[in-house]
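Let me begin by presenting the structure, written as structure tokens, before commenting on it.
Chain identifiers are assigned alphabetically (A, B, ...) following the order of the sequence lines, protein sequences preceding nucleic acid strands; residue numbering begins at 1 within each chain. All of these numbers come straight from a predicted model, not from anything done at the bench.
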Number of protein chains: 2
Amino acid sequence: MSQTLQDTETASPFEPDEVEQITRAAWHYYNDGLTQNEVADMLGVSRIKVSRLLEKGRQSGLIELRINAPHAGCLTLQKQLISAFGLVDARVVPSASELPVVPRIGRAAASFLMQKLEPNDLLAIGWGETVATALRYASPTFPQNNVSLVSLTGGVSAYVSTTGLYGPQSNAHLIPTPLRVSSQELAEMLRLEPYVRYVLDMAATARMALIGVGVVSSAATLVRYGYCTSTEIELFARRGAVGDILGYFYDAQGEILDLDIHRHVVAIRVEDLRHIPNRAAAAAGLQKVDAILGLLRGRLANILITDQATAEELLRRGK
Amino acid sequence: MSQTLQDTETASPFEPDEVEQITRAAWHYYNDGLTQNEVADMLGVSRIKVSRLLEKGRQSGLIELRINAPHAGCLTLQKQLISAFGLVDARVVPSASELPVVPRIGRAAASFLMQKLEPNDLLAIGWGETVATALRYASPTFPQNNVSLVSLTGGVSAYVSTTGLYGPQSNAHLIPTPLRVSSQELAEMLRLEPYVRYVLDMAATARMALIGVGVVSSAATLVRYGYCTSTEIELFARRGAVGDILGYFYDAQGEILDLDIHRHVVAIRVEDLRHIPNRAAAAAGLQKVDAILGLLRGRLANILITDQATAEELLRRGK
DNA sequence: TCGATGCGCGTTCAAATGATCAACAGTTGA
DNA sequence: TCAACTGTTGATCATTTGAACGCGCATCGA
């Protein structure tokens, strides 16, 4: 029932001296404005190697391109979202309908986190593709600021490299279970496991959470990864579900429904989630508008990271 | 006696919608990985225009390239510096003897500040080319985090654009006098001016200061900009001066000398400077090694931003 | 009104870059 | 021991990029 979420290469644990090489190459290339050939001469490697080092650095998030605009994105839409839905903050990335949304929102979420997280913070993470992508971009910065991770649900271990760059200080506390298990009894037992309880308790103390938003359709990531069947989803839809967070389905007003599946999920309780002061939801796409609207109405999240088209539709369909 | 320090263009005050254009172009180009041609199509402008927007964004610091290595620079040297001189922090940029040092150290200092400054912080700044360069790169990020500036000395107004991107919240409090004036009496009077006193008092409350380090030679920036004559410098050297900060000359042990010029300077008192918990000195170059050594021995600064060659020499000449 | 000056813009072209491909080394498994 | 496989390296070439140049427009002063 549980599968890996991340098939593509996860955040690569570098060789230690490769990091050094990337760092120096990046410094010379970007800050000193040298050409790749000149950098190659200084490092004593071939030009193409420099090109690859830089590429690797950018892919992995080691080299971050930060846009320091007073409003990175669409300022007006951000403000409108904040006031229309009473949010704490919002990020809106410019639209590009033909480009895949997940990496775009993931990057925006990563950039948001890197801006907002302070040294020694604890970041709680949910389940989902967008969260996974965001973490891939943001996680190289965590050891530096001694940011620790804690999971809000089971099933996230698949996309967080617990080894990787994580040093002795920074740490990742993951619930070592699937997101959903096959029976209420098993879920209950797992939730009572000491380590699982420990992680769940810790998650409730985080200052910032990043969560994904699931849609109620057979295209849902939950279905794709085998945690739900299409049949179940159809049933939930008839019961009024418009979306899910952390495996909990809610209706258009953001009220959590009373469903059997909720008792099969190994995750923080929704009441505890609400105690996390900054709950950022990262989601975009017109098919997710209903889900996002419910989420915001129910105040399940108070920060939204989305794209222009989605933001406009959210505002049109209004509160 | 006072001259402008910064002849080149200062941080440009953009058109508001130009910032928007730069932001979107940067997003599409760097985050979405589109080519300049594709970005041009999306924004409805010519390709070369996109190229220029990006260039402008990078120049101005609006687009920041951040290297998220656990150790951006030379980790080993940084650690050695910290332990050898009892520093709070250090940054070492890789060496490149043929490149001009000031912009390189300036960038490193800017990057350090952007990493360390927290929202609503107050940053105190000294006088000097390196400080000016660092500010040019870092200042576009200040309005975003509501970071304010306060000057530690006179003479800085030349290189801080008080208008620029500064909005209603962020602010720059600069001492509106030259660094040094021609008589003790005048300096005294200026120091007693209400606004000057206000700024000096405020500076003493800053959590972070960025200061430059002057050398004692006829090539010193102080001489170049007419605040001192070569003759004076020679005199100071005979009295044992190895460097200066904020116009105060000190000896090899970092003890401030008793010189007439110090009574002509409009600047915070050294005792008050020491109350600022984080005092970052940005300086590099072998001709500055003596000055830096004195500075560190006297604990005038407790953070050092320098380059590899300088760091190695500092460690060799040791504490 | 006219000319001068400066600024923004697009064209052209050389330089820089990254994708593709083939060779190669190291590793695994039979 | 060999063969297959995987991952890394360098050569080649098309694409992408930025610098140099020249044009057109607006502003300014006479």
Exercise for review: Kindly indicate, with the supporting measurements, whether the criterion side-chain contact (heavy atoms from CB on, under 4.5 Å) is fulfilled by A:Phe142 and A:Leu123.
Suggested key: CA-CA 10 Å; A:Phe142 292 162; A:Leu123 170 67; 3.9 Å; yes
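- A sub-4.0 Å separation between OP1 or OP2 of D:dT17 and a side-chain N or O of B:Ser51 is absent.
- By the 6.0 Å and 45° rule, A:Arg180 does not stack over the aromatic ring of A:Tyr227.
- To the nearest angstrom, P of D:dT17 lies 17 Å from NZ of B:Lys49.
- In this structure, A:Asp307 and A:Val92 approach most closely via the heavy-atom pair C-CG1, 3.7 Å.
- Distance, A:Arg47 CZ to D:dG10 P: 12 Å, rounded to whole Å.
- Dashed line: the shortest gap from a side-chain N or O of B:Tyr29 to OP1 or OP2 of D:dT16 is not under 4.0 Å.
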**Study point:** Working for side-chain contact (heavy atoms from CB on, under 4.5 Å), residues A:Leu77 and A:Glu312
**Key:** CA-CA 7 Å; A:Leu77 285 169; A:Glu312 282 163 354; 3.9 Å; yes
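- The NZ-C1' distance, from B:Lys56 to D:dG18, rounds to 17 Å in whole Å.
- No side-chain heavy atom of A:Val131 sits less than 4.5 Å from a side-chain heavy atom of A:Val156.
- Distances shorter than 4.0 Å separate some side-chain N or O of B:Thr35 from OP1 or OP2 on D:dT17.
- Bracketed by its first and final contacts, the part of DNA chain C lying under 4.0 Å from non-hydrogen atoms of chain B reaches from C:dC9 to C:dT11 in 5' to 3' order.
- Nucleotides of DNA chain C nearest to A:Arg52 and A:Leu34 differ in position, and the one nearer the 5' end is that of A:Leu34.
- In this structure the side chain of B:Met114 never reaches within 4.5 angstrom of the side chain of B:Arg66, judged on heavy atoms.
- With rounding to whole Å, A:Glu55 atom CD is found 14 Å from D:dT8 atom P.
- If you measure from atom CD of B:Gln36 to atom C1' of D:dT15, you get 12 Å, rounded to the nearest angstrom.
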